[in-house]
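To find a chain, count down the sequence lines: A is the first, B the second, and so on, and within it residues start at 1.
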Protein chains: 2
Amino acid sequence: MDDLDWKVLSLLQQNARITYTALARQVHLSVPAVTERVKRLEEDGVIDGYVARVNPAMAGYAVSALVGITVPQPAKTKFLNFLETISEVLECHHVTGADSYVMRLVATNMADLERLIERINLYGETRTSLVMSTPLATRALQRPSVASRRSKDAR
Amino acid sequence: MDDLDWKVLSLLQQNARITYTALARQVHLSVPAVTERVKRLEEDGVIDGYVARVNPAMAGYAVSALVGITVPQPAKTKFLNFLETISEVLECHHVTGADSYVMRLVATNMADLERLIERINLYGETRTSLVMSTPLATRALQRPSVASRRSKDAR
DNA sequence: GCTGAAACGTCGGAGCT
DNA sequence: AGCTCCGACGTTTCAGC
């Protein structure tokens, strides 16, 4: 992972549909060289995939919410299986603290949201926050600063 | 936004680097027809962009956290300007409830995380949850079910 | 890491169902 | 609104270096 890899990552995070030719031009490498780097980043799991970002509001989902839930340890597997079936849950993290999981979900309207939370609530106590706006939606990952890298490896 | 549009969205959410030719094959449309649909979805803002998803752990960020913060109303603008300068904050939502904002951020290690939160803490009281795992990382948005669409428009 | 050439994909426009 | 045909150009892939 050198400077060029991070430059490539930066460009692909800005626009995943950029062509290898344009990528090559911008990093001052030949097309095969940059193609090989991208393939390596994919195979190493640094690049997890390429996705189109869809605006939920424009796609008929008027409300977004963050929901925390406390799930008793034995019910966690069942809960995760349940989540798989709820397509409105877009993201779910297993976290430390009072909440077991924190989810981000969407709904077409408030009534829809209420119905969703009712069903989720069967697995544990929930805390819901409505998302009013998203000042920062998934910013690109940058190369760790030298200051923070110093702690582990100084290469 | 008909079934074909949703099929296109689904494919682009699975793999943003798919070619128009492959897309056309899979939705049983001609290349010009599918290209025009994608262009329209982009111009209408339904598609917000195409991004490469980078695995933070594979890129040198060993820890992820969710941080909620209570910011007094007059300090909010200053806080958002501050956030712009912190590249480790990947996502930030303005929410209802005790927290003003909920952020997702990454750090190379615990010491790094502590330093980050110290700086964020200058703007308000924070609550931090460590992300242990992410059972569901940004699932694709699907077409709202008929049940939930019935409430608003029945077309 | 670099050509270079063949195969493939993309983007116009024209005319048609 | 969609299709095909077309040609020109850009892009990808794979050989060989």
If I take atom CG from residue N55(B) and atom CG from residue D44(A), how far apart are they, to the nearest 0.5 angstrom? 11.0 Å
Across all chains, not counting sequence neighbours, the salt bridge (Lys or Arg N to Asp or Glu O under 4.0 Å) partners of D5(A) are R37(A), R40(A)
For V51(B), what are the other residues in its hydrophobic cluster, where any two members join if their side-chain heavy atoms are less than 4.5 angstrom apart? V51(A)
In chain order, what residues pass the side chain to side chain contact (heavy atoms under 4.5 Å, CB included) check against V54(A), with sequence neighbours excluded? A59(A), L9(B), Q13(B), V46(B), L141(B)
When you group the ILVMFWY residues by side-chain heavy-atom contacts below 4.5 Å and let the links chain together, are M132(B) and V102(A) in the same group? no
Where along residues 43-50 of chain A does a heavy atom come under 4.0 Å from DNA chain C, residue by residue in number order? none
Hydrophobic cluster partners of L116(B) (side-chain heavy atoms under 4.5 Å): L136(A), V63(B), V67(B), I69(B), V71(B), F79(B), L80(B), F82(B), L83(B), I86(B), V89(B), Y101(B), M103(B), L105(B), M110(B), L113(B), I117(B), I120(B), L122(B), Y123(B), L130(B)
If we ignore angles and hydrogens, is there a donor and acceptor under 3.5 Å between the side chains of T70(B) and R127(B)? yes
The reported gap from OH in Y50(B) to CD in Q14(A) (rounded to nearest 0.5 angstrom) is 15.5 Å
Only pairs at least two apart or in different chains count here, so list each salt bridge (Lys or Arg N to Asp or Glu O under 4.0 Å) that has a residue in residues 7-27 of chain B. none
Note: chain B reaches DNA chain C at heavy-atom distances under 4.0 Å over the stretch, first to last nt, 5' to 3', of dG9(C) to dC11(C)
Look at atom CD of E114(A) and say whether more than 12 heavy atoms of other residues, nucleotides or ligands are closer to it than 6.0 Å. no
Are more than 12 heavy atoms, taken from residues, nucleotides or ligands other than E36(B), located less than 6.0 Å from that residue's CD atom? no
Distance col, row T128(A):OG1 vs L66(A):CG, nearest 0.5 angstrom, shows 9.0 Å
Can you tell me how far CZ of R104(B) sits from NE2 of H93(A), rounded to the nearest 0.5 angstrom? 5.5 Å
For DNA chain C, determine which residues of residues 7-25 of chain B have any heavy atom closer than 4.0 angstrom to one of its atoms, and list them numerically. T19(B), Y20(B), T21(B)
So how far off straight is the helix from dG1(C)-dC17(D) to dT17(C)-dA1(D), going by the axes through five pairs at either end, to 10°? 40°
Report, as a single string ordered 5' to 3', how protein heavy atoms within less than 4.0 Å touch nucleotides 2-8 of chain D: B base, S sugar-phosphate only, - not at all. SSB----
Quick one: list whatever passes ring pair (Phe, Tyr, Trp, His ring centres under 6.0 Å) with Y20(A), sequence neighbours left out. none
Quick one: side chain to side chain contact (heavy atoms under 4.5 Å, CB included) partners of S30(B), sequence neighbours excluded? P32(B), A33(B)
